[in-house]
Amino acid sequence: MKTIAQEKIWLSSPHMGGGEQKYVQEAFDTNWVAPLGPNVDNFEKSITQFVGGDMHVAALSSGTAAIHLALELLGVTRGDEVICQSFTFSASANPIMYLGATPVFVDSEIDTWNISPELLEAAIKDRMAHGKKPKAIVAVHLYGMPYKVDEIRKVSEKYDIPVVEDSAEALGSAFKDEKCGTFGEIGIFSFNGNKIITTSGGGALVSRKEEVKKKAVFLATQARDDAPHYQHSNVGYNYRMSNILAGIGRGQMEVLQERVRQRRFNYDFYKKHLGHLSQLEFLEEPEGYYCNRWLTCVLTPSYEIREKIRLALLEVDIESRPLWKPMHMQPVFNEFPHYSDGTSEDLFNRGLCLPSGSNLSQNDLERIVELILTKI
Ligand SMILES: *Cc1c(COP(=O)(O)O)cnc(C)c1O
């Protein structure tokens, strides 16, 4: 029973840095209340500087929109097949459907919980044996942990199939000192409300090629041809980020490093106080991997123990969540081809995301740890 009223602890809630309102105010003062303007330009610049100076970044209305445009720019069209990591959020896969293409789901490996290079290659070979070469691969850095970049790149190059790098959860993560978002043919970020930084809603598309960014911006602004009147030779979208929201993004970029530090602190705290329990398993960083620890996740011995912990937390208003339910198990996708060995299904059954916001207090963390210790 609750004796003292304590505030709800969220899984991952927005955490403003202080500079955001200044940039939003600037947009009002200069009347740049539009889906373009100086905040959009500067937000894009700060992301470019963060991930590496030779990248080109387009700020968009969401991460989902960025994946949609990425697939379209890679030529995915009706009837094509696109490989997608099964263990992910549905937004990795939905844009494949928008384009009338068929998703082919591939299971994860256990070191990073991301797409298995071996199963990926097996899937490509099998699809080709069925007469269809996949058009693209959507690989995900889930919970901020980089996927097996070298191995996936090798498969991608061997079969000449481009990777869309879903880095929605991995802004600030790195592999061998290179930032996530820069490994695929096209990378994407999300600035949704629960991500490591937020614009309340938003996303970005990242490419090494300026031409790709230009085409993305063109499609994202209704594909308007160069003419004094409104002329269109392509179907376009309304996917650009507003200058108001980009103002929030500029302020958030100023605190991104701090947010990564805080999220990594949460992981270290949980690990230090719960890591000795034989019933809890933490996802470690393999050599060369740097995880932003967007969410700290633990594996329990069974579905029952996972649920016991989750419900005990819920009872005292602490939000935790099972790991992502694999796409090949989702009612909307379960008819599509999948190459699985049970790994993601097992992770889904036994795994739990703990509260991981960068704004958790020491008291919050202690409350969570104490409760788990009494329940396990
Ligand atoms: C959040 C998320 C997205 C989608 O981003 P939105 O900005 O919410 O559209 C895509 N993929 C993954 C893995 C995500 O977590």
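All residue numbers in this chain count up from 1 along the given sequence. Note that ligands are numbered from 1 as they come in the structure, with each ligand's atoms numbered from 1 the same way.
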Discussion item. Taking side chain to side chain contact (heavy atoms under 4.5 Å, CB included) as the definition, give me every residue that meets it alongside K176, ordered by chain and number, with sequence neighbours left out.
Written reply: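 If we apply the side chain to side chain contact (heavy atoms under 4.5 Å, CB included) test to K176, skipping adjacent residues, the hits are D150.
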Fill in: Remaining members of the apolar cluster that contains V217, side-chain heavy atoms under 4.5 Å
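Grouped by the 4.5 Å side-chain rule, V217 forms a cluster of one, so the answer is none.
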Discussion item. If hydrophobic residues (ILVMFWY) are linked whenever their side-chain heavy atoms come closer than 4.5 Å, directly or via other members, who joins M327 in its cluster?
Written reply: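 Listed partners: M97, F105, V332, F333, F336.
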Discussion item. Is the ring pair Y143/W113 parallel, tilted or perpendicular, if the boundaries are 30 and 60 degrees?
Written reply: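 Because their plane-to-plane angle is over 60°, the rings of Y143 and W113 count as perpendicular.
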Worksheet item: Any idea how H328 and H338 line up, ring-wise: parallel (<30°), tilted (30 to 60°), or perpendicular (>60°)?
Response: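 Rings of H328 and H338: parallel, as their planes differ by under 30°.
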Worksheet item: Relative to F50, does K179 satisfy both conditions: NZ or CZ under 6.0 angstrom from the six-membered ring centre, and within 45 degrees of the ring's axis?
Response: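 Because its charged atom sits under 6.0 Å from the ring centre and within 45° of the axis, K179 does stack over F50.
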Contact table ligand 1 N or O to protein N or O, d under 3.5 Å:
unit_1	atom_1	unit_2	atom_2	d
ligand 1	5 (O)	S190	OG	3.2
ligand 1	7 (O)	G63	N	2.8
ligand 1	7 (O)	S190	OG	2.7
ligand 1	7 (O)	G202	O	3.4
ligand 1	8 (O)	N192	ND2	3.4
ligand 1	9 (O)	G63	N	3.3
ligand 1	9 (O)	T64	N	2.9
ligand 1	9 (O)	T64	OG1	2.5
ligand 1	11 (N)	D166	OD1	3.3
ligand 1	11 (N)	D166	OD2	2.7
ligand 1	15 (O)	E169	OE2	2.5
ligand 1	15 (O)	K195	NZ	3.2

